[in-house]
Enquirer: 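Here you go, one structure.
All chains are named by letter (A, B, ...) in the order of the sequence lines, taking the proteins before the strands, and each is independently numbered beginning at 1. The figures that follow rest on heavy atoms only: side chains count, while hydrogens, waters and symmetry mates do not.
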Protein chains: 2
Amino acid sequence: MKFDDKVPIYYQIKNHLYHEMMTGTLEPGDKLPAVRQLAVDLTVNVNTVQRALGEMITEGTIESQRGKGNFVTMDKNRITQLKEQLIVEQLERVYNELHALNLTDEQIISSLKTYIAGRGQQHD
Amino acid sequence: MKFDDKVPIYYQIKNHLYHEMMTGTLEPGDKLPAVRQLAVDLTVNVNTVQRALGEMITEGTIESQRGKGNFVTMDKNRITQLKEQLIVEQLERVYNELHALNLTDEQIISSLKTYIAGRGQQHD
DNA sequence: CCTAGTGTTATATTTTACTATTACACTATA
DNA sequence: TATAGTGTAATAGTAAAATATAACACTAGG
């Protein structure tokens, strides 16, 4: 996996796992790959994986069973809440950034539309 | 100023100064506050300010005159280009993030509209 | 010429993230 | 009960960012 060197790796791992939970790659109750395997997959150290998992365990999004593995919480409500939260955080960030660049609400929306429309030209 | 501890301060300072250039707080040819003054204003060390400025000088967005001060480039074209670049980066980021959360193009646009509409309730 | 204001650079120190390595604790199963 | 697979934790070392502090280089004005 490629990491942004401007942001802590453990933080990006959390985000990576969140996304897998949000998109259904990891479903409620699913067992995560073993920490040592995750470390290999992500080419990072076990302790770094553990740091990410530790925070997620504290938050309650995953549950740890010593000797068995780490499991996605069965609480689907928590997952949908988390997804909503991640979306709002993203929207908040663009809005604030573009607003700070003096764009009006209308300009923010239309620039996003234009960006998405223009994307079709070169991608996917 | 409040910094996000997940991202290098010098990097956030660059961004801060960019915004001032984009919004007209700093106009082409304007003299920036003295580095020691900036350090006080931002409550960081002079070397940290210097690191941010150093990169901007290399990029050509500000010009340094030893003994005189640092000045915003007179090249207005560069500034408008930079603004466009910052906007696209933001749009790219939200789009990629929300797309990764399985939202369709339409859902991305409508969620932004909803967010902006809902903002009026509690803010500004 | 001197001094105050400016940018620039260097050294040493602290803190944080990350790594490497090892050990320990628990579970399942052959 | 031994062993392999799992999570957990501790130690030591490295690197990057930021700090404190000091010195150097240039400019302008008295």
Enquirer: Would you say the side chain of B:R36 and the base of C:dG5 hold a donor-acceptor pair, judged only by whether the two atoms sit under 3.5 Å apart?
Expert: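 Donor-acceptor pair under 3.5 Å: no.
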Enquirer: Report the distance from atom CG of B:L53 to atom P of C:dT6, rounded to the nearest whole Å.
Expert: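 In whole Å, C:dT6 P and B:L53 CG are 14 Å from each other.
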Enquirer: Would you mind telling me which of C:dT8, C:dC18, D:dT8 lies closest to the side-chain atoms of B:N70?
Expert: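 The nucleotide sitting nearest to the side chain is C:dT8.
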Enquirer: Return the value, rounded to whole Å, for the distance between atom NZ of B:K6 and atom C1' of C:dT16.
Expert: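 Interatomic distance, NZ of B:K6 to C1' of C:dT16: 11 Å.
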Enquirer: Mapping A:Q50 and A:D5 onto DNA chain D by nearest heavy atom, which one lands closer to the 5' end?
Expert: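 Here A:Q50 is the residue nearer the 5' end.
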Enquirer: Less than 4.0 Å between a side-chain N and a carboxylate O, is that true for B:E59 and B:K14?
Expert: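 A salt bridge links B:K14 with B:E59.
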Enquirer: Given atom CD of A:E63 and atom P of C:dT27, what is their separation to the nearest angstrom?
Expert: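 Whole-Å distance recorded here is 16 Å.
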Enquirer: May I have the distance from B:L38 (atom CG) to C:dG5 (atom C1'), rounded to whole angstrom?
Expert: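 For the pair B:L38 CG and C:dG5 C1', the rounded distance is 15 Å.
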Enquirer: Which is more 5' along DNA chain D, the nucleotide nearest A:R66 or the one nearest B:Q65? Just name the residue.
Expert: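 In this pair, the answer is A:R66.
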Enquirer: Measuring to OP1 and OP2 of C:dA17, would you say a side-chain N or O of A:Y10 lies under 4.0 angstrom away?
Expert: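 Checking A:Y10 against C:dA17: at least one side-chain N or O falls below 4.0 Å of OP1 or OP2.
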Enquirer: Please give, in whole Å, the distance from C:dG7 C1' to B:F71 CZ?
Expert: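 Computing the B:F71:CZ to C:dG7:C1' distance gives 11 Å.
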Enquirer: Give the rounded distance in Å between these two atoms: CD of A:Q12 and P of C:dA17.
Expert: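 The answer, rounded to whole Å, is 13 Å.
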Enquirer: Taking CG from B:N47 and C1' from C:dT15, how many angstroms apart are they, rounded to a whole number?
Expert: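 Rounding to the nearest Å, CG of B:N47 and C1' of C:dT15 are 16 Å apart.
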Enquirer: Can you identify which nucleotide, out of D:dA17, D:dT8, C:dA20, has its nearest atom closest to the A:S64 side chain?
Expert: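 Within the option list, the nearest is D:dT8.
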Enquirer: Nearest to the A:A34 side chain among C:dT6, C:dT8, D:dG7, which nucleotide is it?
Expert: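 The closest nucleotide is D:dG7.
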Enquirer: Can you tell which of C:dC18, C:dT8, C:dT19 lies closest to the side chain of A:V44?
Expert: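 It is C:dT19.
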Enquirer: Between A:K68 and A:N45, name the one whose nearest nucleotide on DNA chain C is closer to the 5' end.
Expert: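 Mapping each residue to its closest nucleotide by heavy atoms, the 5'-most match is A:N45.
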